[in-house]
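What follows is one structure encoded as structure tokens, with my remarks underneath.
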Amino acid sequence: FITSFAEFSENTDAIRKIGYVSFNRNAHETFPLQECKDSTTANSLISTMKNSTQSILNTYNTTNGYSNNRWTNIEGGLKRGWDMLNSTDAANKYLILLSDGYPTTYLNRTTDDLYDGYIPKTTNSKNVNSAEGIFANTPLQVPCWGTDYSDLGAIRTREMATQIKNANIDIMVVGTG
């Protein structure tokens with residue numbers, strides 16, 4: 001995609017920018033919006049994307065024996081992408097989301113980090129309405145432990161996507177799972 005983007009942008013006066021956000025429990029800006037009009041820039045961005053994504057995948061932090069990075073915070077990825085797009089006054093804005101479509105966490109609104117995902121396994125509590133917040137598959141009334149579907153994560157993802165759509169940003173989704 002990045003190579004095609006560069007080729008499409010190469011011989012034009014139009015200002016076209018590309019940025020990349022990755023997400024697991026947290027959302028990460030891999031590279032900010034920038035022009036990409038030649039193969040050298042495209043190859044550099046591809047290398048940055050691959051190295052950064054691999055670094056995120058290799059990170060293994062634990063809480064109570066569980067990896068803190070194994071969750072899918074689609075809401076966080078959408079918010080980070082939206083914030084990135086809000087930094088430009090471009091007339092046409094597009095957000096391409098690559099995901100398995102299976103939200104397992106959501107933004108933790110109790111921290112200063114705007115893109116920090118909620119860690120569901122912070123205590124041994126099995127209470128769906130625990131002090132950590134409601135992190136559960138609500139229809140089944142069971143806790144989610146990071147690889148389980150989160151109904152609240154899905155609801156908040158849909159709300160974030162609706163806000164982005166209402167801001168006249170087109171969202172394209174590519175399923176990977």
Side-chain angles (χ1 to χ4, degrees), residues 1-2 5 8-9 14-36 45 48-49 52-53 56-57 68-122 128-177:
F1 177 81
I2 295 174
F5 182 91
F8 184 71
S9 302
I15 298 173
R16 296 188 177 106
K17 295 184 178 182
I18 188 169
Y20 185 80
V21 170
S22 57
F23 59 95
N24 51 3
R25 179 178 64 87
N26 299 320
H28 313 271
E29 182 180 292
T30 302
F31 55 81
L33 287 176
Q34 58 193 279
E35 289 191 85
C36 178
L45 293 178
T48 299
M49 178 189 70
S52 176
T53 302
I56 292 166
L57 292 172
N68 292 343
N69 297 315
R70 68 180 180 171
W71 295 289
T72 305
N73 184 357
I74 299 172
E75 177 194 20
L78 287 171
K79 178 166 179 29
R80 189 79 176 215
W82 185 19
D83 289 350
M84 182 186 286
L85 289 170
N86 281 335
S87 72
T88 182
D89 58 359
N92 300 310
K93 299 179 183 182
Y94 304 94
L95 194 151
I96 301 170
L97 175 71
L98 303 171
S99 179
D100 61 4
Y102 199 76
T104 61
T105 192
Y106 44 83
L107 289 174
N108 181 356
R109 296 180 181 166
T110 63
T111 68
D112 292 332
D113 184 347
L114 296 177
Y115 310 107
D116 183 35
Y118 175 71
I119 302 173
K121 185 102 170 120
T122 54
V128 171
N129 295 310
S130 67
E132 294 84 40
I134 302 170
F135 192 86
N137 180 328
T138 305
L140 299 178
Q141 287 299 301
V142 295
C144 297
W145 302 117
T147 56
D148 298 327
Y149 171 79
S150 167
D151 190 58
L152 185 56
I155 291 167
R156 288 175 55 171
T157 294
R158 184 174 54 247
E159 290 171 351
M160 182 62 63
T162 300
Q163 290 177 36
I164 294 168
K165 180 181 172 188
N166 290 342
N168 295 317
I169 297 172
D170 293 326
I171 302 173
M172 287 152 269
V173 179
V174 179
T176 62

My understanding is that only residues two or more places apart in sequence, or in another chain, count here; which of them pass ring-ring contact (aromatic ring centres under 6.0 Å, His included) with Phe31? Tyr20
Testing the basics here: between Leu107 and Gly76, what is the closest heavy-atom pair and its distance to 0.1 Å? CD2-CA, 3.5 Å
Counting distance only, does the side-chain N/O of Gln34 pair as donor-acceptor with the main-chain N or O of Pro32 below 3.5 Å? yes
Which atom of Leu33 lies closest to which atom of Ser87, heavy atoms considered: CD1-OG, 3.9 Å
Can you check whether Leu85's main-chain N or O pairs, donor with acceptor, with Thr88's side chain at less than 3.5 Å? no
Give me the atom names and distance for the closest heavy-atom approach of Glu75 to Thr157. N-OG1, 3.4 Å
Closest heavy-atom pair, Gly77 versus Phe23, reported as atoms and distance to 0.1 Å, is CA-CD2, 3.7 Å
Which atom pair, heavy atoms only, marks the closest approach of Ser9 to Cys36? CB-O, 3.6 Å
Considering only heavy atoms from C-beta outward, does the side chain of Glu29 approach that of Arg80 to under 4.5 Å? yes
From Ile96 CD1 over to Ile18 CD1, what is the distance, rounded to the nearest 0.5 angstrom? 7.5 Å
Roughly how far, to the nearest 0.5 Å, is CG of Asn92 from CD1 of Ile169? 11.0 Å
Heavy-atom closest pair (Thr30 atom, Ser22 atom, distance to 0.1 Å) is OG1-OG, 3.4 Å
How would you list, by chain and number, every residue that makes a side-chain hydrogen bond (donor to acceptor under 3.5 Å, both in side chains) with Lys17, sequence neighbours excluded? none
Please round to the nearest 0.5 Å and tell me the distance separating atom CG of Leu95 and atom NZ of Lys165. 14.0 Å
Checking side chain to side chain contact (heavy atoms under 4.5 Å, CB included) against Ile164, which of Leu78, Leu97, Asp170 comes through? Leu78
